[in-house]
Amino acid sequence: MFEQLGLIGCGLMGGSFALALKRAGLVRRVVGYSKSPSTTARALQMGVIDVEAPSALLAVSGADLVLLAVPVAATENTLKAIRHLLDPRMLIMDVGSTKRDVVDAARRVLKNDVGLFVPAHPITGREVSGVENADPSLYAGRQVILTPIERTHPANVERAEALWRALGCDVQRMSPEAHDAAFAAVSHLPHLIAFALMNGVMGQPEGEQFLSLAGPGFRDFSRIAASDPQLWRDVLIANREELARQTELFKHALGDFERLIAEGRADELERLINRASHARANWRLTPGPR
């Protein structure tokens, strides 16, 4: 059990983490801070946190567990804000969707204390944000990717893994670089395509009419376009190098379809569709622990 969680960012991800820890009996007290005072006040009212901190620095005072649940672009400034009260007994984690930029920020700011930090990416979330949507079950049965570096304290990696497993998560370890390459393909590019699709439809004079005719397939395909704009702005920019590689591969694949359609090459077009259909039919979301 942890004595105190210092929670920086009391929105959906941070709030759900605090509630999950409380429900599992893994923390005695939660001290929270958000840039928006109304968010912190609401978190206190909901019982997500037990104490409202006036600053990020004071949120970590006395904590043995710290979670940064802030946009990835805010990681460096957040670490700068708390570094003066770091303690060798602390376990510090984040929940960012990119890891190489987060690790680089931690190296720059934490220096000799970087071993306290275990970068983490829980593969979960919703299209809605805010502490009012916090859910203690958000992490249950989900994957969590840990991306420790050579200077990360092994004991802290073990503590982090045990904590996430206690919340019902399936934990994997990867390098930050491997993480960002993989998620550019299976998360960041799909979001980019969904955003572009919606803008493409709505950029037409008949866009509203077209949307009124859309069915479940369009609904399912475009669901992630409703994601938080600020969060995804930061993610797409942070992982722009890997995303650019995936974008080029996608353009090449799309070009193959365009060419076969234009030339009326039905058999070859069917083979490409069948390849995609077979891959999707045999793919299963990686299950969490039973």
Could you tell me whether the side chain of [X] and the main chain of [Y] form a donor-acceptor pair under 3.5 Å?
X      : Y      : result
Ser55  : Leu58  : yes
Arg265 : Ala262 : no
Asp64  : Phe2   : no
His191 : Ser187 : yes
Ser277 : Ile273 : no
Gln204 : Phe210 : no
Asp170 : Arg142 : no
Ser16  : Pro136 : no
Thr75  : Val72  : yes

[X] with [Y]: basic N within carboxylate O range, under 4.0 Å:
X      : Y      : answer
Glu132 : Arg126 : no
Asp104 : Arg107 : yes
Arg29  : Glu3   : no
Lys99  : Glu177 : no
Arg173 : Glu158 : yes
Asp228 : Arg233 : no
Arg28  : Asp50  : no

* Asked: Leu21 and Leu12: same hydrophobic cluster, using ILVMFWY side-chain contacts below 4.5 Å?
  ->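 Shared cluster, yes.
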
* **Joint hydrophobic cluster, Leu110 plus Leu68, side-chain heavy atoms closer than 4.5 Å** =>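 They do share one cluster, since a chain of ILVMFWY contacts under 4.5 Å joins Leu110 to Leu68.
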
Find the distance between [atom1] ([X]) and [atom2] ([Y]) and round it off to the nearest 0.5 Å.
X      : Y      : atom1 : atom2 : answer
Asp180 : Leu243 : CG    : CG    : 11.0 Å
Glu263 : Glu258 : CD    : CD    : 11.5 Å
Met93  : Phe117 : CE    : CZ    : 9.5 Å
Asn156 : Arg89  : CG    : CZ    : 12.5 Å
Asn239 : Gln246 : CG    : CD    : 9.5 Å
Lys35  : Cys10  : NZ    : SG    : 13.5 Å

* Asked: Among Gln143, His179, Glu161, which residue meets the side-chain hydrogen bond (donor to acceptor under 3.5 Å, both in side chains) test with Gln172?
  ->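 Going through Gln143, His179, Glu161 one by one, the side-chain hydrogen bond (donor to acceptor under 3.5 Å, both in side chains) with Gln172 is satisfied by Gln143 alone.
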
Taking the side chain as every heavy atom from C-beta outward, state whether [X] and [Y] have any atom pair closer than 4.5 Å.
X      : Y      : result
Thr147 : Ser175 : no
Phe17  : Val48  : no
Met1   : Leu26  : no
Leu86  : Met90  : yes
Asn112 : Arg151 : yes
Thr152 : Val114 : no
Ile145 : Ile123 : yes
Val66  : Leu7   : no

Where do [X] and [Y] come nearest, in terms of heavy atoms and distance?
X      : Y      : value
Val103 : Pro176 : CG2-CG, 3.7 Å
Phe257 : Leu269 : CD2-CD1, 3.6 Å
Ser222 : Phe218 : OG-O, 2.7 Å

* His278 and Asn282: CA distance, side-chain angles, deciding distance, side chain to side chain donor-acceptor pair (under 3.5 Å) verdict -> CA-CA 6 Å; His278 183 267; Asn282 287 279; 3.2 Å; yes

* Test side chain to side chain donor-acceptor pair (under 3.5 Å) on Ser36 and Ser38 and set out the steps. => CA-CA 5 Å; Ser36 168; Ser38 62; 2.9 Å; yes

